[in-house]
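Here is the structure we will look at.
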Amino acid sequence: MADLINSIPKIVVSRTLKSVDWNNTTLIQSNISNEIKRLKEEGGKDMYVFGSANLSEILMDENLFDEYRIGISLVILGNGNPLFKKDFKSYVLNLSSANVLKYGGLF
């Protein structure tokens, strides 16, 4: 798995990092929506967002998601930043599939 992750292109969006050292990694520090639009227009492989409600909110506000694949993991304690906030602009989404994982959770 590490060889695969190291070999594929990655995009890191950060307001605090000044550089990234990971192989095949591009850093976006500002103009996030414009940079993602530019990358989408260049074509190529699919892009995925892993674990960032803040970044997802920016991309949702600009309608930059073509597809939502949301994994739900049940958590008993703690809290976090919700993906869909109370003032979220609603969209009509169509469920294409749902899979219950063997040890709980939904994908």
Side-chain angles (χ1 to χ4, degrees):
M1 183 63 137
D3 288 340
L4 171 66
I5 298 298
N6 287 327
S7 68
I8 61 175
K10 294 163 285 297
I11 302 165
V12 172
V13 177
S14 174
R15 293 183 181 110
T16 58
L17 290 176
K18 301 298 179 209
S19 65
V20 287
D21 299 327
W22 198 1
N23 188 39
N24 294 323
T25 302
T26 300
L27 176 62
I28 297 176
Q29 296 175 293
S30 61
N31 300 317
I32 296 164
S33 295
N34 291 337
E35 287 297 312
I36 297 299
K37 285 177 190 174
R38 182 183 62 77
L39 290 168
K40 287 181 66 153
E41 288 169 0
E42 288 178 2
K45 302 281 184 174
D46 293 334
M47 290 184 270
Y48 299 90
V49 174
F50 290 98
S52 178
N54 291 336
L55 174 59
S56 293
E57 181 179 13
I58 291 168
L59 300 177
M60 286 187 283
D61 285 346
E62 295 291 326
N63 198 29
L64 289 172
F65 280 118
D66 298 316
E67 180 177 339
Y68 292 86
R69 292 186 181 193
I70 301 171
I72 299 171
S73 179
L74 304 175
V75 177
I76 295 173
L77 297 173
N79 56 23
N81 190 0
L83 179 59
F84 300 107
K85 297 181 178 41
K86 289 181 183 177
D87 60 348
F88 177 71
K89 178 173 49 173
S90 67
Y91 295 95
V92 174
L93 302 175
N94 297 311
L95 178 65
S96 60
S97 67
N99 300 306
V100 177
L101 303 177
K102 182 177 178 182
Y103 297 104
L106 181 67
F107 182 76

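Counting only residues at least two apart or on different chains, the salt bridge (Lys or Arg N to Asp or Glu O under 4.0 Å) pairs with a member in residues 51-64 are K37-E62, E57-K85.
Put simply, the side chain of K40 reaches to within 4.5 Å of the side chain of D66, judged on heavy atoms.
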Query raised in the report: Can E41 and R38 be said to form a salt bridge (charged side-chain N to carboxylate O under 4.0 Å, His left out), step by step?
Result: CA-CA 5 Å; E41 288 169 0; R38 182 183 62 77; over 6 Å; no

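Between R69 atom CZ and D46 atom CG the span is 7.5 Å, to the nearest 0.5 Å. In this structure, the separation between CG on D21 and CG on L27 is 10.5 Å, given to the nearest 0.5 Å. Going from atom CZ of R15 over to atom CG of N54 covers 7.0 Å, rounded to the nearest 0.5 Å. Between the OG atom of S14 and the CD1 atom of I32 there is a distance of 9.0 Å, given to the nearest 0.5 Å.
Hydrophobic clustering places M1 together with I8 (ILVMFWY residues linked when any side-chain heavy atoms are closer than 4.5 Å, directly or through intermediates). Hydrophobic cluster membership differs between M47 and I5, with clusters built from Ile, Leu, Val, Met, Phe, Trp and Tyr side chains linked at under 4.5 angstrom.
The main-chain N or O of W22 is never found under 3.5 Å from a side-chain atom of K10 such that the two would form a donor-acceptor pair. For T25 (side chain) and N23 (main-chain N/O), a donor-acceptor pair under 3.5 Å exists by modelled atom type.
What you find for N24 and S7 is that their closest heavy atoms are ND2-O, 2.8 Å. Of all non-hydrogen atoms in V20 and T26, the two that sit nearest each other are CG2-C, 4.4 Å. The heavy-atom pair separating I58 from S33 by the smallest distance is CG2-OG, 3.6 Å.
Clustering of Ile, Leu, Val, Met, Phe, Trp and Tyr by side-chain heavy atoms under 4.5 Å joins Y48 with F50.
Under the side chain to side chain contact (heavy atoms under 4.5 Å, CB included) test applied with I28, the options L55, N34, V13 reduce to a single match, V13.
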